[in-house]
Structure formats: structure tokens, C-alpha cells
Amino acid sequence: MRLTVLTLLTFLAVTRAQAQTEQEINETKDSLYIVEVEDRLEPDKVLHAEPLYIDLIRDLGARKGEKEWNIGMGLTDNNTYDHYTALVEYEWAPVNRLGLEVELPFSFYYPTSRNASAPASQLNSLKLAAQYSFFVSEQLKTSMAVGYIQEFELTQFHRYGKGKLFTGNVYNPFFVAAKRWGNNFHTLLYTGPAIQSHFGGHATHTSWQINSNVHYMIPGTRNFIGVEVNKTAQKGDFDMTLRPQMRVGVAENLLVGIVTGVPISRENERFSSFLRLIYEPGHKKSLHTGRFRPLPV
């Protein structure tokens, strides 16, 4: 009996020691990676988790030479039709603190029944964007940026050659603030108005985006789980969608983001899903599992 109790106590002590050792190793990895991202190159930069659905133009505190390709695919279930989305975007930093982006977003619609109607499929717009990080503090673990997105709206595919190719503009200035709490918890706020103006008319339509985000980076990796809360307010109407999400590193320069959309106050939209492939050319794997660092420029 004494031998059994002694064996059990020894097993528990060894297990606890192993758990403490693994925790210490993960904490060390997290600290080393943060130092690697923030201090290895100039200027200063704070490590933040970037949302996957409404993503940023470039990392906050972007350094010259950083670049990234994104391919996104999504499906939204509506009452009378299915809405498939796709996007291709390229983002880069020509100088420190400034990020630029070009994006092509597509929409494809399919009725859910013979009697149902659906919008016409189209390349939604040509999107050009810029983002400048005006505040970066390693001590406060905080970054802030302002940016602007210009969308040149395009007509539906079936109307190509039958009228104007460009049908309007969307003007979208925005503000971003992000803070890291400790080594693993991240919060971010993205907000701004989207002002839509169609050619041939003098009226404009304005909606406000308020997107709040909370993420937790898995200890010992750069993978994360979190939730993105997308809110839109316009003329007395308010819509909100919760988007639980996760990001996983699958190769030295390839990340995969998976997003689920749960509408809270939308009249027609139901559940949705979104997949983002993130390719980082010119990057190589860091000491941290599942995340990557830029090569020196």
C-alpha cells in the first residue's frame, strides 16, 4: 500500500514538473518571438493579432519591404439565395509605417429554389487602400493607424459592353487601435464611415463600421483563436455579426485563417463561413512554431 501511494505521488510530481517545464518553454518562446519581431529590425514594431475577415491593409507599424498575398473564399446563406465570395489581394510596405493594398473582390449569387430571385454576379470593385501607423509604442504594447480605402464599383458581368463599366465610388476612411495584453491576449478596434456614391445621381449613402476584435495566441506558437465582432449602423438600422476564427501556420510561408459568421441582428443573412489563405513571399520560419519572420531588407 505504501509503495502504491509513493508511486502515485512520484508520478504526480513528475507530471507537474513536466507541465511546468512545458509552460516555461512556451513562455520563453513567446518572449523570444516578441523580441524578434519588435527589436530585431528598425523601426519599432509591436506584435498584434490581425483579424481575418475585415483584415488590415498591412501589419501595424509596417516595415519597408514587407509584402503578402491573400486569397479569400466565403459562403453566406441567405433566405432566397446563396452568396459566394472570393477575393485576391496584394499588400506591401514601400516605406516604414506605410502599407498599400490592391484588392479584387468577387460576388456570385445562386437562387435556393426555382422561384427565388438573386442578384447578378459581378466583380464588385477595384479596391485601392493605404494605411499609415502614426503611433507605435513597445512600452505600452499599443499601435494606432489611420487609412483610406477607395473602391471603384463595377457593373454586373452580364452588363459588360452594354453600358458604363464603372458605376460608382465608395470612400472609406478608417481608424485602427490595437493593444497587446501580456504576451498572448490581443484586442483591436477598426472603425470608420463608408460613403457610397453612384454615378448619375447626387445622393450618397453612408454607413458606419465598428469592428472590435479579441484574440488569444496559443502559447509556444503564433497560431491564434479569437472572435471578430462586425457592426454596421446606417439610418436607424443596426446589424451585427459574430465571427469566431482561428489561424494556423501550415508551411514556412503559408497561413490559413478559418472564420464562421453568426448573425445577431440581420434580417436576411444566416450563417456564413470564410477561408483566407495568407502567403508571405520572402519570409522564412522563425524560432517560433507556426509563425514566420521577414527577411532583412
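We use all heavy atoms of the structure for the numbers below, so side chains are in, but hydrogens, waters and symmetry mates are not. Values in this document were obtained by computation on a predicted structure and should not be read as measured data.
- Follow the hydrophobic side-chain contacts under 4.5 Å out from Val248 and you reach Ile218 in the same cluster.
- Contact annotation: the side chain of Phe224 never approaches that of Asn184 to less than 4.5 Å [non-hydrogen atoms, C-beta and beyond].
- Of all heavy-atom pairs spanning Phe199 and Phe166, the tightest one is CD1-O, 3.2 Å.
- The OH atom of Tyr53 lies 10.0 Å from the CG atom of Asn211; values are rounded to the nearest 0.5 Å.
- Screening Val259, Thr260, Ile225 for a side-chain contact (heavy atoms from CB on, under 4.5 Å) with Gln245, the sole residue that qualifies is Val259.
- Taking the six-membered ring where the residue is Trp, Phe157 and Tyr160 present perpendicular rings, their angle passing 60° and hence far from 30°.
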Begin from the C-alpha positions of Tyr110 and Tyr84 and carry the test ring-ring contact (aromatic ring centres under 6.0 Å, His included) through to its verdict.
CA-CA 8 Å; Tyr110 297 94; Tyr84 294 87; 5.6 Å; yes
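- Here the closest heavy-atom approach between residue Pro105 and residue Glu103 is recorded as CD-O, 3.6 Å.
- Ser207 approaches Thr232 most closely through the heavy-atom pair CB-CG2, 4.0 Å.
- Residues Leu52 and Glu228 come closest through the heavy atom pair N-OE1, 3.5 Å.
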Applying side-chain contact (heavy atoms from CB on, under 4.5 Å) to His198 and Glu153, what does each step give before you reach the verdict?
CA-CA 9 Å; His198 290 290; Glu153 294 186 306; 3.5 Å; yes
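- Proximity of Asn223 to Arg247: side-chain heavy atoms (C-beta onward) are nowhere separated by under 4.5 Å.
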Just do the side-chain contact (heavy atoms from CB on, under 4.5 Å) check on Leu140 and Phe135 with the steps written out, would you?
CA-CA 11 Å; Leu140 299 177; Phe135 181 82; 4.1 Å; yes
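- Contact check for Phe152 versus Asn124: no side-chain heavy atoms found under the 4.5 Å cut-off.
- Between the side chain of Asn169 and the main chain of Ser197, no donor-acceptor pair closer than 3.5 Å is present.
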Where do Met144 and Ser133 land on the side-chain contact (heavy atoms from CB on, under 4.5 Å) test, with the steps shown first?
CA-CA 6 Å; Met144 298 184 191; Ser133 300; over 6 Å; no
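- A side-chain donor from one of Ser212 and Lys231 sits under 3.5 Å from a side-chain acceptor of the other.
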Assess the residue pair Asn70 and Asp55 against the criterion (side-chain contact (heavy atoms from CB on, under 4.5 Å)); give the C-alpha distance rounded to whole Å, side-chain angles, the decisive distance to 0.1 Å, and a yes or no.
CA-CA 10 Å; Asn70 280 238; Asp55 70 327; 4.1 Å; yes
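- Taking each heavy atom of Ala129 and Ile149 in turn, the nearest pair found is CB-CG1, 3.8 Å.
- Both Leu255 and Ile54 are part of a single hydrophobic cluster, where members link through side-chain heavy atoms under 4.5 Å apart.
- The distance from the OG1 atom of Thr112 to the CG atom of Asp77 is 8.0 Å, given to the nearest 0.5 Å.
- Between atom CZ of residue Phe185 and atom CE of residue Met217 there is a gap of 12.5 Å, rounded to the nearest 0.5 Å.
- Residues satisfying the salt bridge (charged side-chain N to carboxylate O under 4.0 Å, His left out) test with Lys179, not counting sequence neighbours, are none.
- Legend: residues meeting salt bridge (charged side-chain N to carboxylate O under 4.0 Å, His left out) with Glu151, ordered by chain and number and at least two apart, are absent.
- Rounding to the nearest 0.5 Å gives a distance of 7.5 Å between CG of Leu165 and OG1 of Thr155.
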Report the C-alpha separation of Tyr148 and Phe174 in whole Å, then their side-chain angles, then the decisive distance to 0.1 Å, and conclude whether the ring-ring contact (aromatic ring centres under 6.0 Å, His included) test is met.
CA-CA 6 Å; Tyr148 179 74; Phe174 62 87; 8.5 Å; no
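- Between Thr241 and Arg243, some side-chain heavy-atom pair lies under the 4.5 Å cut-off.
- For the atom pair CG of Leu128 and CD of Gln150, the computed distance is 7.5 Å after rounding to the nearest 0.5 Å.
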Passes side-chain hydrogen bond (donor to acceptor under 3.5 Å, both in side chains), Glu50 versus His215? Steps please.
CA-CA 9 Å; Glu50 181 179 348; His215 290 90; over 6 Å; no
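- Between Glu66 and Arg58, at least one side-chain N (NZ, or NE/NH1/NH2) sits under 4.0 Å from a carboxylate O, which counts as a salt bridge.
- Grouping the Ile, Leu, Val, Met, Phe, Trp and Tyr side chains by contacts below 4.5 angstrom, directly or via other members, places Leu123 with Leu75.
- Counting only heavy atoms from C-beta outward, the side chains of Glu91 and Lys67 never approach each other to under 4.5 Å.
- Atoms OG1 and CZ, on Thr187 and Arg180 in that order, are 11.0 Å from each other to the nearest 0.5 Å.
- Annotation: side chain of Pro193 is in contact with side chain of Pro173 (closest heavy-atom distance under 4.5 Å).
- Inter-residue side-chain proximity for Thr206 and Gln234 is flagged as unmet; no heavy-atom pair is nearer than 4.5 Å.
- Taking every heavy atom of both residues into account, Val136 and Ser143 meet most closely at CG1-OG, 4.1 Å.
- Side-chain contact check for Met73 versus Phe274: every heavy-atom pair is 4.5 Å or farther apart.
- Residue Leu154 is grouped with residue Leu104 when hydrophobic side chains (ILVMFWY) are merged at heavy-atom distances under 4.5 angstrom, including chains of intermediate members.
- Tyr90 and Leu126 fall within a single hydrophobic cluster, where Ile, Leu, Val, Met, Phe, Trp and Tyr side chains are chained together by heavy-atom contacts under 4.5 Å.
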CA sep, side-chain torsions, deciding dist, call: Thr191, Trp208, side-chain hydrogen bond (donor to acceptor under 3.5 Å, both in side chains)
CA-CA 7 Å; Thr191 185; Trp208 280 87; over 6 Å; no
